[in-house]
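Residues take their numbers from the sequence shown, with the count starting at 1. Start at 1 and go down the list; that is how both ligands and their atoms are numbered.
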Amino acid sequence: MRLITVLNRCFKFNRFVFESINFDEINRIIVSVKPRKNSKPECRVCGRFSSTYDTLCEPRMFEFIPIWGFSIFFMYKMRRVSCAVCGVRVESVPWHMGNNRRHRLTWDF
Ligand SMILES: [Zn+2]
């Protein structure tokens with residue numbers, strides 16, 4: 001059974017898909033997450049869904065629940081949303097409390 005299957009059983013995010021899973025050079029499990037096709041990003045400030053303004057170049061890492069002693073990180077390139085009310089804002093993602101950039105843990109962790 002693949003780890004993606006396990007993740008999909010436990011943590012289904014409607015607007016995102018688990019794309020691939022790999023070990024990095026220091027034996028962390030890196031789960032690449034991407035937005036589901038045609039999903040609109042959610043404004044971090046007001047919660048409205050709007051069109052994508054752009055996608056940040058550098059992926060962000062979010063620490064997830066470790067498994068069998070391995071650290072697990074979600075890796076995701078944040079989109080910026082073009083919100084009619086708030087302007088251009090970084091999107092909100094369901095696995096992370098968006099207000100604190102330095103806080104890297106996922107909700108589930
Ligand atoms: Zn907004």
R80 meets the side chain to side chain donor-acceptor pair (under 3.5 Å) criterion, sequence neighbours left out, with D54
Apart from Y53 itself, its cluster of hydrophobic side chains linked below 4.5 Å comprises V88
Given 3.5 Å as the limit, does a donor-acceptor pair link the side chain of E19 with the main chain of S32, or not? no
Crowded around R36 CZ? As in, over 12 foreign heavy atoms under 6.0 Å? yes
Counting only protein N, O or S atoms and ignoring waters, those under 2.8 Å from the Zn ion (ligand 1) are C43 SG, C46 SG, C83 SG, C86 SG
P41 and R15 have their tightest heavy-atom pair at CA-NH1, 4.1 Å
Besides V81, the hydrophobic cluster formed by Ile, Leu, Val, Met, Phe, Trp and Tyr side chains linked at under 4.5 Å, directly or via other members, contains none
